[in-house]
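Report on one structure; see the data block that follows.
Below, all heavy atoms of this structure are taken into account, side chains as well, without hydrogens, waters or symmetry copies.
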Amino acid sequence: MIKSLKGILPHILILLGFIVLSLAYFNPVLQGKEIFQSDIVQYTGMAKQQNDFRARTGEEPYWTDAAFGGMPTYQLGANYPHNYVKKLDSVLRFLPRPADYLFLYFLGFYILMLVLKLDYRLAFLGAIAFGFSTYLIIILGVGHNAKAHAIAYMPMVLAGIILCFRSKYIAGFLLLAVAMALEIGANHFQMTYYLLLLVIILGIAYLVDALRKNMLPHYFKALGVMVGAVILAIGANATNLLATQEYTGFSTRGDTGLTITPQGNEKPAAGLTYDYITEYSYGIVESFNLFIPRFMGGSSSEKLDENSAMYEQLLQMGASPMQAMDFAQNAPTYWGDQPFVGAPAYIGATVLFLFVFALFLIRGRLKWWVVGGSILALMLSWGKNFPLLTEFFIDFVPLYNKFRAVSSIQVIIELCVPILAVVGLYRLFNEVVKNEEKLFALKWATIITGGTAVLFLLFKNTLFNFSGGNDAIYMEQMGAGFVRALKEDRKAIFTTDAVRSLIFVILSAALIWMYLKQKAGKNLLVLGFSLLILADLIAVDRRYVNNDDFVAARQMKQPFQQTTADAQILQDQGHYRVFDVAESPFNTGRTSYFHNSVGGYHAAKPGRMQDLYDFYISQNNMEILNMLNVKYFIIPTEEGPRAQQNPEAFGNAWTVSNIKWVEDANDAMLSLGEEDLSSTAIINREFSNLVPSEVNRDPSARIELVSQEPNELVYETSAGSDQLVLFSEIYYPNGWRAYINGEAAEHFRANYVLRAMMIPAGENTVTFKFEPGVVKTGSSIALASSIILGLLLLGALFYTFKERNTKEEV
């Protein structure tokens, strides 16, 4: 018993250390503060209606009317029955946000290191090298929580796979099933997809090894175990996966059928466009900021001080010291290829030095897996700057064209580099490896990394002109002197950080040299590298995410303040929509926080609404806004946003006297700009069996919305004859059901995005209910999978306990 406690005590201390580090870095959480995350602010606006509904009724709506005219809440934090993965995840994320994610980074990588048979000291070293990697911190600063969440579980998934390949079938199966369930549950499929690419390379590395060692039966047995684990993990997340798959077809990732642009050019019917996918492509040379943080100027808004050339130049241009300082603290020093950069994806000079050192000491499948994965990720992150590979992946690799911001695949490098770096230290401590080999590795690692820094320092003026893509605009607006000062500052911070990286390389090399010359022991070396990595990475991290980013909790709980315009609109208790042109309407969740908005903020907007925006809404086409029941506009004025009523809005529903039949989405879209939408319905011929060839509008017909919730709308109608009625609600066939007097009725799509149906003569009650079958089906699968996984976990614990007792008795 005492022996067992001694065995786990270091791990307990390490976990406590992770908690301390997480809370120390984000220490304002101890004062009850919350980090201001711009994306979470937008999410709060988008999700407010569903959260209010949930709090008021205790039910889950699965539909929100507050954004894009209406959309499912599947990607807005919907809660599903029997989602036990989410409950387990909440247990692991017991720290306040965002310290919880940092702790998960550490924990996951620590487990991976232990599975790779490294001792707890090196495992700790690797965990902090991974967790404090700059990109992993800055995504917490802007609120990419789901991305951080998915990244945090990546190492655990790899650990489970490696256990399976090492014939630890039971442990591997269980760890992989749980970790994969958590990974999928994190709900950032782009990151999970990138992990899959890395896993494929890992599988190839093990396959080659199995072929060389004639161990194919074992390889395929391990593969079978892994497939079983992943199936269970998928099953445990079935509801979210099925719902997401269903919504994907409806979103900008799916196929709206439209193959033309507003300018008349051709566009892909499905998936994202090449330009959209590759908008954020890493520059090839820019990749050196993995080693030198502000290699290309750092972020798009860098903090300079009164010693900067820009500050002096602004003073000379007549700015006051306060004005000059305000501008200098948000200086546009970034001069790379991307439209906007929050911070460089710095891995660390110390970590990269150890990575290069490891390349000379490690052989075999681990090395080729890590190097292969890193190179593939780096080349794919270049996007449009390396079109040969990017176009191949977009055209031929399944699902690759569903994701944008290709530069974010660099998370794979940020995961791989610390793995090899720490395993390299493990090899350094291995007495089987000859000292000459270690010295050789030290020499070349120092030459390559230190030499790179020196090369850039000596030849920076020859290699670069420090000109950015927006300099022509700055030249026009601020003059040549401003741009000259900006370039001087770019060169200065480049030089500062190159020297900085060189110093960390020299210190790293000195530590290993001291160890090899027996002037420092293993513990001192691990301690020295721990301090170097912390000093290296945290110093850069805190340039971009620090205590200044925290605000009072109430500010995050209620991030938007009601304006006079909002208050004026909210006096209207009817059901209508708002179009907010005081903001960027399709890139804000603010309007959704207070109103039912035509716009919103989401990475996967409803595809047909995006089409409608591109063609008409962005042009303020009143016919389109009228049919969407836009009763109010919020417009910018010098006195602030002002509400303006639109008396021409068609209302919640209306009858029509004409039908224009169209053959496809292109016809439908173009017809919207040609017809009187108050009297004509544009209907695709695929619905011709639900509509008579001619309709007669009853001028005395009445239709009134008498009750409305996000997931249920009730209308009362009265007409002397059958009427074709259009509703200003978004058509979404996978869940919305229509009833007339309690009996199921058919409805269909009209005017490209709206619902329509034939309503018989007389007095009727028409009800629309959102009853997504995908939730019911998915929940049953999730329950069954969770029960099986839980029983297997209990069985494994019982088996382990029994085995241990048997050994002790022997």
Side-chain angles (χ1 to χ4, degrees), residues 109 112-113 116-118 122-123 125-126 129-130 133 155 158 162 198 201-202 204-206 208-209 212 284 287-292 295 345-381 409-456 501-502 504-513 515-516 525-526 528-529 532-533 536-537:
F109 205 87
L112 175 60
M113 292 290 97
L116 288 174
K117 299 181 179 177
L118 272 64
L122 289 176
L125 187 69
F130 173 69
S133 187
L158 294 173
I162 290 170
L198 182 64
I201 296 173
L202 175 65
I204 293 171
Y206 269 95
V208 172
D209 195 59
R212 290 174 57 191
I284 294 175
S287 306
F288 280 102
N289 70 9
L290 298 170
F291 175 58
I292 298 172
F295 185 85
Y346 180 59
I347 288 180
T350 307
V351 179
L352 272 169
F353 169 84
L354 289 175
F355 174 79
V356 177
F357 176 73
L359 290 176
F360 292 95
L361 287 185
I362 298 172
R363 294 179 181 81
R365 63 195 176 207
L366 175 71
K367 175 179 174 179
W368 298 120
W369 164 53
V370 168
V371 171
S374 300
I375 291 175
L376 177 65
L378 184 63
M379 292 193 298
L380 284 174
S381 76
I409 198 175
Q410 286 203 353
V411 297
I412 296 302
I413 306 172
E414 283 131 19
L415 170 60
C416 286
V417 169
I419 293 174
L420 205 67
V422 179
V423 176
L425 275 181
Y426 170 76
R427 290 284 291 173
L428 173 69
F429 298 144
N430 193 328
E431 295 179 358
V432 175
V433 182
K434 294 179 181 176
N435 236 32
E436 292 77 14
E437 194 177 346
K438 296 172 183 174
L439 283 167
F440 180 82
L442 174 60
K443 180 180 77 173
W444 280 105
T446 309
I447 290 173
I448 292 170
T449 55
T452 300
V454 170
L455 180 74
F456 286 132
S501 291
L502 180 60
F504 276 104
V505 166
I506 292 170
L507 292 174
S508 301
L511 274 177
I512 293 181
W513 182 85
Y515 174 79
L516 291 175
L525 189 71
V526 173
F529 270 112
L532 272 185
I533 289 170
D536 185 4
L537 293 178

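Residues Leu525 and Leu428 are in side-chain contact: their nearest non-hydrogen atoms beyond the backbone lie under 4.5 Å apart. Using a 4.5 Å heavy-atom cutoff, the side chains of Phe429 and Val526 are in contact. Using a 4.5 Å heavy-atom threshold, the side chains of Ile512 and Leu516 count as touching. Between Ser374 and Leu378 the shortest side-chain heavy-atom distance does not fall below 4.5 Å.
Between atom CD1 of residue Ile409 and atom CE of residue Met379 there is a gap of 10.0 Å, rounded to the nearest 0.5 Å. We find the CE-CZ distance between Met113 and Phe130 to be 10.0 Å, quoted to the nearest 0.5 Å. To the nearest 0.5 Å, the span separating CD1 on Ile347 from CG on Leu352 amounts to 5.5 Å. Rounding to the nearest 0.5 Å places CG of Leu158 at 8.0 Å from SG of Cys416.
Ring pair Phe295/Tyr346: centre-to-centre distance not below 6.0 Å. Phe353 has its ring centre no less than 6.0 Å from the ring centre of Phe291.
Sequence neighbours left out, not one pair with a member in residues 444-455 passes side chain to side chain donor-acceptor pair (under 3.5 Å). Residue pairs meeting the salt bridge (charged side-chain N to carboxylate O under 4.0 Å, His left out) criterion with at least one partner in residues 419-428, sequence neighbours excluded, are absent.
By the side-chain hydrogen bond (donor to acceptor under 3.5 Å, both in side chains) test, Ser381 pairs with Gln410, sequence neighbours left out. Every residue two or more places apart in sequence or in another chain that forms a side-chain hydrogen bond (donor to acceptor under 3.5 Å, both in side chains) with Thr350 is listed here: Asp536. Here Ser287 pairs with Trp382 under the side-chain hydrogen bond (donor to acceptor under 3.5 Å, both in side chains) rule; sequence neighbours left out.
Taking each heavy atom of Ala377 and Ile412 in turn, the nearest pair found is CB-CB, 3.7 Å. Across every non-hydrogen atom of Leu415 and Pro155, the tightest pair is CD1-CG, 3.9 Å. Nearest heavy-atom pair across Ala453 and Leu502 is CB-CB, 3.9 Å. Closest non-hydrogen pair, Gly126 versus Pro418, comes out as O-CB, 4.4 Å. Minimum interatomic distance between Leu376 and Ile201 (heavy atoms only, all atoms of both residues): CD2-CD1, 3.6 Å.
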| request: Kindly determine whether Ile419 and Phe109 satisfy side-chain contact (heavy atoms from CB on, under 4.5 Å), including the steps that lead there. | output: CA-CA 9 Å; Ile419 293 174; Phe109 205 87; 3.6 Å; yes

| request: Apply side-chain contact (heavy atoms from CB on, under 4.5 Å) to Tyr515 and Leu425, showing your working. | output: CA-CA 11 Å; Tyr515 174 79; Leu425 275 181; over 6 Å; no

| Pair Leu290-Val417, side-chain contact (heavy atoms from CB on, under 4.5 Å): steps then yes or no | CA-CA 11 Å; Leu290 298 170; Val417 169; over 6 Å; no

Review item, side-chain donor-acceptor pairs of residues 356-373, under 3.5 Å, at least two apart:
{"from": "Arg363", "atom 1": "NH1", "to": "Glu437", "atom 2": "OE2", "distance (Å)": "3.0"}
{"from": "Arg363", "atom 1": "NH2", "to": "Glu437", "atom 2": "OE2", "distance (Å)": "3.4"}
{"from": "Arg365", "atom 1": "NH1", "to": "Asp209", "atom 2": "OD2", "distance (Å)": "2.4"}
{"from": "Lys367", "atom 1": "NZ", "to": "Leu359", "atom 2": "O", "distance (Å)": "2.7"}
{"from": "Lys367", "atom 1": "NZ", "to": "Ile362", "atom 2": "O", "distance (Å)": "3.3"}
{"from": "Trp369", "atom 1": "NE1", "to": "Leu198", "atom 2": "O", "distance (Å)": "3.2"}

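Other residues, nucleotides and ligands contribute over 12 non-hydrogen atoms within 6.0 Å of the OH atom of Tyr206.
Screening Leu354, Leu116, Leu122 against Val422 for a side chain to side chain contact (heavy atoms under 4.5 Å, CB included) leaves a single residue, Leu122.
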